[in-house]
Number of protein chains: 2
Amino acid sequence: MATKNSLQKPSVCVCMNVRRASRAITRIYDQALEPSGLKVTQFSLLANIDAHGPLNISALARLVTLDRTTLVRNLRPLESAGLIVNAPSSDPRERQLSLADKGLLVMGQARPQWKDAQRKMRQTVGMENLQVLDHLTTLLEGLANIPAQERGRHE
Amino acid sequence: MATKNSLQKPSVCVCMNVRRASRAITRIYDQALEPSGLKVTQFSLLANIDAHGPLNISALARLVTLDRTTLVRNLRPLESAGLIVNAPSSDPRERQLSLADKGLLVMGQARPQWKDAQRKMRQTVGMENLQVLDHLTTLLEGLANIPAQERGRHE
DNA sequence: CTGTGATGCGTGCATATACACGTATCATAA
DNA sequence: TTATGATACGTGTATATGCACGCATCACAG
């Protein structure tokens, strides 16, 4: 008889499997980043703001493939914590996001922790599998309809 | 020069890539299930309750690898909608979850929709990649520390 | 019977995520 | 200069997720 015990999760649903993987890997990164006080989602936003200079929310949303309105709220804690600056821009419609000094500091602390997790991940999972993963991500995003923001605008 | 345009998301963070994949595939399944009025997460819970008979919340949590307290709330809409029954049990601590008649009905409607998505997914992604995915999921869950509920109880 | 660890539940709090709407401003054609 | 589509934002609402805590009950050793 095969292992009839504990670790038996033969969920056939591809989606739920990806979601479970997402939860598990998120836990791993969050634990690694714990000393910095950042969640991996927040680390990601800060890193993108840092890398892609001052940008507005919509641009950041496109960059990370997140619903814009999700971003509006996800950025809130970061601004409250003084990690980012949300300044008005010449175009009164938009606002410019950039890292605050404190944000730079925290990122300096967090990056090594993230790199550890990242390195461990590459070693454990292996580059081949990671490439498959990246391929799948791209593929899936292609399959999914364009996000709400771009969909049915005034149709 | 390579494609310098639109679809360029070379996020190096393995975790964020999995999260993006999770969001994308969730959108696909949610759209497929839309006629039934279920989200894929809800479909999954109903399917598990249906398949694994009457069980309590903790057992279901272990089954789907979800935090128990998450489940407490995720089940709420399903009970409100009259899809599941949350009945007291002989042991007053626990409660028995089972599908209500309406739940069976809705699942009857939803299953073909889920199967469509599932089939499309298998075709598009390919069995090989899906197996890699399942392997990764198991691997990641092994790496992640045991969920909170089982961790440091009274330590 | 009584103490104690194990088990089962629910809540407060905080974050993540998306959709439906509504509003303001820009840019440009008419 | 004025209508109109495109662009940028924020809010209301609802679900998903997990952690820290606290409470009740069971099972069992003593």
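Order of the sequence lines sets the chain letters (A, B, ...), proteins ahead of strands, with each chain counted from 1. Model, not experiment: these values are computed from the prediction.
In the set C/dT11, D/dC19, C/dG8, C/dG8 carries the atom at the smallest distance from any side-chain atom of B/Arg62. Candidate nucleotides D/dT17, C/dG8, D/dG10 were compared by shortest atom distance to the side chain of A/Arg95, and D/dG10 ranks first.
A straight line from CG of A/Leu33 to P of C/dT15 spans 16 Å, rounded to a whole angstrom. When the P atom of C/dA20 is taken as reference, atom CG of A/Asp67 falls 10 Å away, rounded to whole Å. Between the CG atom of A/Leu78 and the C1' atom of C/dA16 there is a distance of 12 Å, given to the nearest Å. One interatomic measurement links the two molecules: CZ of B/Arg76 to P of D/dT17, which rounds to 15 Å at whole-angstrom precision. Rounded to an integer number of Å, the gap from CD of A/Glu94 to C1' of D/dA6 is 14 Å. Rounded to an integer number of Å, the gap from NZ of B/Lys39 to P of C/dC19 is 9 Å. Distance CD1 (A/Ile25) to P (D/dT17): 16 Å, rounded to an integer number of Å. Atom CG in A/Asp30 sits about 10 Å away from atom C1' in D/dG18, given to the nearest Å.
Rounded to the nearest 0.5 angstrom, A/Ser58 OG and A/Arg68 CZ are separated by 5.5 Å. How far SG of A/Cys13 is from CG of B/Asn48: 10.0 Å, rounded to the nearest 0.5 Å. Atom-to-atom distance recorded for B/Leu143:CG and B/Leu139:CG is 5.0 Å, nearest 0.5 angstrom. Put simply, CZ on B/Arg27 and CG on A/Asp67 are 9.0 Å apart, with the number rounded to the nearest 0.5 Å.
Taking the charged nitrogens against the carboxylate oxygens, A/Asp50 and A/Arg111 do have a contact shorter than 4.0 Å, which makes a salt bridge. The existence of a salt bridge linking A/Asp116 and A/Arg119 is confirmed by a sub-4.0 Å separation between a basic side-chain nitrogen and an acidic carboxylate oxygen.
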Identify each atom pair where a protein N or O and an N or O of nucleotides 25-29 of chain D are less than 3.5 Å apart, giving names and distance.
unit_1 : atom_1 : unit_2  : atom_2 : d
D/dT25 : O2     : B/Arg93 : NH1    : 3.1
D/dC26 : O4'    : B/Arg93 : NH1    : 3.4
D/dC26 : O4'    : B/Arg93 : NH2    : 3.2

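For a distance-only test at 3.5 Å, the side chain of B/Arg68 fails to qualify as a donor-acceptor partner of the base of C/dG8. Contact of A/Thr69 with D/dC9 (side chain to base): no donor-acceptor pair of N or O atoms is detected under 3.5 Å.
Base engagement by B/Thr70 is indicated by at least one non-hydrogen atom pair under 4.0 Å involving a base atom.
Checking A/Leu66 against B/Asn56, the closest nucleotide of DNA chain C that is more toward the 5' end is the one next to B/Asn56. Both A/Leu55 and A/Arg23 lie near DNA chain D, and the one whose nearest nucleotide falls closer to the 5' end is A/Leu55.
In this structure, A/Leu75 and A/Ile49 have side chains that are in contact, with non-hydrogen atoms separated by less than 4.5 Å.
For A/Asn74 and C/dA16, the shortest distance from a side-chain N or O to OP1 or OP2 is below 4.0 Å. For A/Thr41, a side-chain nitrogen or oxygen approaches OP1 or OP2 of C/dA16 to under 4.0 Å. At the phosphate of D/dA14, neither OP1 nor OP2 sits under 4.0 Å from any side-chain N or O atom of A/Arg73. Look at A/Arg19 and you won't find any side-chain N or O under 4.0 angstrom from OP1 or OP2 of C/dA16.
Cluster membership check: A/Leu97 does not share its hydrophobic cluster with A/Leu105, using side-chain heavy-atom separations under 4.5 Å among Ile, Leu, Val, Met, Phe, Trp and Tyr.
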